[in-house]
Amino acid sequence: MDITSLFAALPGNIAQGIIWGVMALGVYLTFRVLNIADLTVDGSFATGGAVTVVLITNGVPVPVAILVAVLAGALAGLCTGILHTVLGIPDILAGILSQIALYSINLDIMSGCANMAVNVMKYKLLLSLRNVPGAILVSLIFVVVIIALMYWYLGTEQGSALRSTGNNPAMSRAQGININMMKVIALSLSNALVALSGGLIAQYQGFADINMGRGAIVIGLAAVIIGEVIGNAIFKKKMNFVLRLSFVVIGAIIYYIVIGIVLWLHMPTNDLKLFTAIIVAIFLAVPYLKGTANNSFRKAAKRGAGK
Amino acid sequence: MKKKLLAIMLTAAMAVTTITACGGNTGSSTGGSDATQNVSNPNAKYNVGVCQLVQHPALDAATEGFTAALRDSLGEDVNITIQNAAGDSATCATITNTFVSDGVDLIMANATPALQAAVSSTGDIPIVGTSVTDYATALELDSWNGKTGINVTGTSDLAPLAEQAAMLKDIFPASTYKNVGILYCAAEANSKYQAEEITKELTEMGYAVSDYTFSDTNDVAAVTTNACQNCDVIYIPTDNTAASCTETIDSVARPAGVPIVAGEEGICKVCGTVTLSINYYDIGYAAGEMAVQILKDGKDPKDMEIGFAKNVTKEFNPEICSALGITVPDDYKEIAKD
C-alpha cells in the first residue's frame, strides 16, 4: 500500500481518462445539450474499436481507419435518430434497440471474432499503453480540437437551433426549427465522438473486444456530472461553455483516477460497478436535493410557519 | 461558498464510499482466494502482478494454481498482487499499467484480454499467460512455432480437440449420428476457434457439422431448441456463456433426446453425456512453474514454448447417459456429483 505506486500509475489513469473524455463529450451532446440519455453509446463505442482494429490489421493507414470508425459511429447515431423521430419510438428505447443491434453488427465487423488484437509492434498506432506520455499528448490534441469544434459549431445557426431544441422543443418548433432533424444530427455527432473514443481506446489497450462498450454510458454520465459539479464549485457563475466542456473531460480523468485508487486500495473489484453507480447517483442527487432545499416556495412556507 | 461546501461534501462522500467498500474486503474475504495473498512482505525478492479478466470458477482455479506454484518454489520470497477486472476489458489496461508503473518483476495474465492489455503495456517485463486458448490469434502473430518470440509465454487452456472428436466418434458413430451441431456463444473468441478446429476433425470423419451460436444467455433456449431439431448429437466447447446456462440447455436437450458431448467437466456435469476434461488449476500451476523458471533461473520467455494441459480424463454423466440409453466403455470415469 505504497503511496508512490499510486502516483506512478497516475499518468496511465490520466491518459485513459482523457480518451474516455472524448466519449464523455459525445454523451454531453445528447445528455446535456439535447436532454436525451442516449444508450446507443454502449454499442457504438465497441463499433469504433472494432472498425479501427479491423481496418488497421488489414493494412489501412491509421488516420483513415479512425475516420471510417467515426463515420460508422455517426451512422449508428443516425439509426437511433431515425428510430426515434421517423418511427416514433421513445428515445431510451430507440437507443437500447440500436445498442442491441450493434452487438451483432460489431461481431460481423470483426468477422465473428469476439476479440481482435492490434499488435503495437506491427502497426504505427496513434497511441499505446507502451508510451503513456505520448498517449496523453495525442489524446489531449484530440480533445482540444474537438472542444474547439464543438464550441464553434454550437455557436452557429444550426448549433443554436440544436441547443434550443434541447431546452424547449415546443417553442423551438413554433420558431420553425425542424426539431426531428436537430435530434438526428445531435445523435449522429454524439455517436461519432463515442466511436472515435472507442477507436482510440482499442489502440491504447491493443485490442477491440465485443464487450468493451458495456457500461460506457455510465462512465460517460459519471464524467459529465462529476465535471459539472466540480466546475461549478470552482468557477461558480464564471463557468463558460469552453470551461464546461473542459470539465467534462476532467470529470472523465477524475473517474479513472478514482478507479486507480480503488485498485490501489485492493478494494474487491466485484463491487466496482456498484461503487460507480453509487458515485453517479450521489453526484446526480445532491444538486437536485440542494435545489429543492433552496426552493423559494419552501422558503416561503418556512417563513409562513415562523410567523 | 455553498457550492464549495457541496464540492467538499461530494469528495468526502467519494472517500467514504471508497473506504467502506475497502473495509468490506477485509471483512468478507471468504469469496476470493486473493485476500491473504495480497499481504505484502517488504523483504520479498520478487514482485508478481496477476491480472484476471473476470470472476469465474475456471479462471479462479488457474489463479489459485499459479499462486500455489510460486509459493511452493519461492515461499515468502515473492509478493503476489492479484487484481480482477470484473469482466471489464478496459480495466485490464488500468491494472496492467499499474503493474508496469510499480515495476513488478513479472505479470501473469489470466484470459485473453488481460494478456493483450499486458502486452500493450510492456515490451520488457516478462508476461506469463494462462487460460488463453490460442496465443497466435490473441497476439496477432504471423508465424507460429510454439513460442511467441517476445516477452510472453504461458499455458493454453485448449481442450484436446482431436481426442474429443475421436471420443465423439467412438460413442456416437457417424452411421447413426450423422448430424453434429456445435453450440457456443458467438461473443467468445476461444469458442469460435475450438468450433473451427473440431469442425475440421469431424468433417474428416464423415459427419455433417453445423454451428449454432447464441449471442448471450437470453437466446440460449431458442438456439438449443433449433439445434435439437436439426442434429443427432451436440458438441459444446469450453464456452463460458454455455457453462452458465447448462440447466437451460439440459431442460431442452434431454426431453428432445439429443445427447451432448461437452468440452469440459463443468458443462458435462449438468447437461452432457461424456467429456474429456482439462483442469484449470493444473494449467495455472504449470504457468506458475514457468514464472519460477523466469524469475529464479533467468530464463527468457521468448525461448519458452507455450504449455498445454497434460492430464486429460475421460468422464461421463451417469444420470443423463442412462436416461438416453447410452452405454460408455469401461475406461470412462463417473463424474462426481457436487
Side-chain angles (χ1 to χ4, degrees), chain A residues 1 5 8-9 11-13 16 57 103-104 107 112-122 128-130 132 201 204-207 209-212 214-215 229-230 232-234 236 256 258-275 278-279 282-283 286-287 290, chain B residues 2-4 6-10 13-14 17-19 21-22 24-25 28 31-32 34 38 40 55 81 83-98 100-103 112-113 116-117 119-123 137-141 150 185-189 191-192 213 215-216:
Chain A
M1 207 72 102
S5 76
N13 298 334
Q16 219 169 350
T57 48
Y103 185 91
S104 303
L107 269 178
C113 299
N115 171 300
M116 267 186 94
V118 53
N119 193 328
V120 59
M121 286 165 285
K122 273 169 65 181
S128 161
L129 260 167
R130 285 279 173 92
V132 171
I201 280 285
Y204 180 70
Q205 66 190 15
F207 64 94
D209 190 278
I210 189 71
N211 290 322
M212 68 190 276
R214 201 202 280 159
V229 169
I230 290 173
N232 280 331
I234 298 176
K236 305 204 181 83
Y256 268 94
V258 172
I259 297 275
I261 295 173
V262 166
L263 290 172
W264 172 71
L265 286 172
H266 294 304
M267 180 189 143
T269 33
N270 308 20
D271 300 336
L272 207 59
K273 310 257 183 209
L274 174 67
F275 175 70
I278 291 173
I279 289 193
I282 292 174
F283 273 78
V286 171
K290 207 170 141 275
Chain B
K2 265 191 182 156
K3 289 257 173 81
K4 217 165 235 170
L6 176 67
I8 293 166
M9 269 170 60
L10 287 174
M14 264 164 85
T17 332
T18 317
I19 290 160
C22 177
N25 186 17
S28 62
D34 50 348
N38 281 335
S40 62
Q55 295 79 355
T81 310
Q83 297 278 21
N84 192 315
D88 203 342
S89 56
T91 310
C92 286
T94 318
I95 292 171
T96 54
N97 171 56
T98 311
V100 173
S101 59
D102 276 357
T112 305
Q116 289 164 330
V119 173
S120 293
S121 306
T122 176
T137 313
L139 301 175
E140 219 213 329
L141 302 170
I150 52 172
C185 176
E188 290 188 34
S191 307
K192 185 175 151 62
T213 60
S215 56
D216 60 23

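Chain identifiers are assigned alphabetically (A, B, ...) following the order of the sequence lines, protein sequences preceding nucleic acid strands; residue numbering begins at 1 within each chain.
When each of A/Leu107, A/Val118, A/Val120, A/Leu129 is scored by its heavy-atom pairs under 4.5 Å with chain B, the top score falls to A/Leu129. Across A/Met121, A/Lys122, A/Met212, the residue that shares the most heavy-atom pairs under 4.5 angstrom with chain B is A/Lys122. Of all the listed residues (B/Cys92, B/Ala187, B/Ala189, B/Gly123), the one sharing the greatest number of non-hydrogen pairs under 4.5 Å with chain A is B/Ala187.
For a residue to count as touching a neighbouring chain, one of its non-hydrogen atoms must lie under 4.5 Å from one of that chain's; by this rule B/Val100 does not touch chain A. For chain A, the nearby part of B/Glu188 is the backbone; its heavy atoms alone come within less than 4.5 Å. With a 4.5 angstrom heavy-atom cutoff, A/Ile210 touches chain B only via side-chain atoms. Using a 4.5 Å cut-off between heavy atoms, A/Asp209 touches chain B through its side chain atoms alone.
Summarising the geometry, atom OG1 belonging to B/Thr112 is positioned 14.0 Å from atom CE belonging to A/Met116; distances are rounded to the nearest 0.5 Å. To the nearest 0.5 Å, the span separating OG on B/Ser120 from CZ on A/Arg130 amounts to 7.0 Å. With rounding to the nearest 0.5 angstrom, the OG1 atom of B/Thr91 is 6.0 Å from the OH atom of A/Tyr256. Rounding to the nearest 0.5 Å places CG of B/Asn97 at 5.0 Å from OH of A/Tyr204. To the nearest 0.5 Å, atoms OG1 (B/Thr137) and CG (A/Asn115) are separated by 9.5 Å.
When every heavy atom of A/Ala114 is checked against every heavy atom of B/Ala186, the shortest pair comes out as CB-O, 4.2 Å. Listed here is the closest heavy atom pair of A/Thr57 and B/Glu140: CG2-OE2, 3.3 Å. Contact between B/Ala93 and A/Gln205 at its shortest, heavy atoms only, is CB-CB, 4.0 Å.
Although no hydrogens or angles enter the test, the distance criterion places a donor-acceptor pair under 3.5 Å between the side chain of A/Gln16 and the main chain of B/Ala90.
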